[in-house]
2 protein chains.
Amino acid sequence: MLSSAARHLDDDDDLDRVFRALADRTRRALLHRLACEGSAMVTELAAPFEMSLPAVSKHLKVLERAGLVSRDIDGRVHTCSLAPRPLASVEAWLSFYRPFWSDTLDALARFVEQDDAP
Amino acid sequence: MLSSAARHLDDDDDLDRVFRALADRTRRALLHRLACEGSAMVTELAAPFEMSLPAVSKHLKVLERAGLVSRDIDGRVHTCSLAPRPLASVEAWLSFYRPFWSDTLDALARFVEQDDAP
DNA sequence: ATAAAGTTAAACCATATGGTTTAATATTGC
DNA sequence: GCAATATTAAACCATATGGTTTAACTTTAT
């Protein structure tokens with residue numbers, strides 16, 4: 001079993017990759033396409049974009065390394081699917097901060113800020 | 001007023017900046033520090049990190065440009081605070097995908113069950 | 001006035017990113 | 001066998017990123 005520290009580093013690595021993958025509108029558009037219209041092969045996924053096929057292929061690989069896309073290779077056709085699990089990790093990370101943006105708890109946020117003063 | 005298309009591009013720009021800002025563990029640690037212990041000046045924020053002060057200063061600027069940190073300048077002291085608004089945008093973006101990861105199989109099972117019911 | 005403190009600016013470096021174009025590699029179909 | 005299809009690999013380019021060190025700037029304190 002991994003030490004807690006090592007697992008924590010892994011978690012950080014995972015979040016790095018997932019947030020990095022999400023930080024590009026082309027990749028977000030690819031995820032959206034997969035979510036709305038389901039799995040598709042690389043050529044289909046690349047068609048709506050103005051960039052070259054290799055560019056989209058590289059974007060898909062970034063998504064795949066982040067665990068956000070899975071790939072089923074059948075002959076020469078690579079069928080890509082949405083793999084939403086890492087988004088649950090994002091949600092988990094985000095949930096820690098929910099109290100800070102929820103409007104009802106704005107007062108709490110201010111209180112914490114003031115509580116920091118001597 | 002902006003056209004819908006222009007506003008959408010702005011949204012994409014915002015998400016690009018926010019996801020990019022979150023894609024670094026040092027910056028996530030800074031946000032966590034601000035959330036847990038409240039506002040602090042740059043030197044205080046930089047202290048726990050092994051990197052140089054200018055490096056942390058640059059990370060803070062990335063967070064600030066993403067809207068995740070606000071800065072109050074008083075003399076030579078820059079007090080940084082968590083600015084959680086953009087995290088609500090992340091949550092909004094993410095919520096579209098929640099049906100895909102929140103017990104998708106359970107939901108499908110319930111659907112099939114209902115469909116089978118007399 | 002001078003020194004110290006808090007912060008950023010500048011210049012620099014190595015590596016990553018996002019794109020291109022031109023191969024190369026498999027697989028399928030005639 | 002041969003051509004077309006689906007995809008990646010490679011080489012390349014421009015720019016961004018994350019870090020460094022040294023310098024500059026402003027404010028505070030003695």
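The basis for the numbers below is simple: all heavy atoms, side chains too, and nothing from hydrogens, waters or symmetry mates.
Checked against the 6.0 Å centroid threshold, A/F49 and A/H59 do not count as a close aromatic pair.
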message: Evaluate B/V18 against B/S89 for side-chain contact (heavy atoms from CB on, under 4.5 Å), listing each step before the verdict.
response: CA-CA 9 Å; B/V18 173; B/S89 303; over 6 Å; no

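Ion pair A/R20/B/D24 not flagged as a salt bridge, since none of the NZ, NE, NH1 or NH2 atoms sits closer than 4.0 Å to an Asp/Glu carboxylate oxygen. A salt bridge between B/R28 and A/D16 is present, with a side-chain N of the basic residue lying under 4.0 Å from a carboxylate O of the acidic one.
Note: CD (B/E44) to P (C/dG6) measures 9 Å, nearest angstrom. As a whole-Å value, the separation of A/L60 CG from D/dT8 P is 7 Å. Distance CD1 (B/I73) to P (D/dT28): 12 Å, rounded to an integer number of Å.
Taking CD of B/E91 as the start and OH of A/Y97 as the end, the distance is 14.5 Å to the nearest 0.5 Å. Taken to the nearest 0.5 Å, the CG atom of A/L30 stands 9.0 Å off from the CZ atom of A/R33.
For B/D72, the salt bridge (Lys or Arg N to Asp or Glu O under 4.0 Å) test picks out no residue, with sequence neighbours left out.
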Pairs under 3.5 angstrom, nitrogen or oxygen only, protein versus nucleotides 26-30 of chain C, please.
unit_1 : atom_1 : unit_2 : atom_2 : d
C/dT27 : O2     : A/R76  : NH1    : 3.0

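Taking only side-chain nitrogens and oxygens, B/K61 comes nearer than 4.0 Å to OP1 or OP2 of C/dA9.
Of the candidates B/L82, B/L63, B/V90, B/L63 is the only one forming a side-chain contact (heavy atoms from CB on, under 4.5 Å) with B/L68.
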Letter per nucleotide, 5' to 3', of nucleotides 13-23 of chain C [B base touched, S only sugar-phosphate touched, - untouched; heavy atoms, 4.0 Å]: ----SSBBBB-

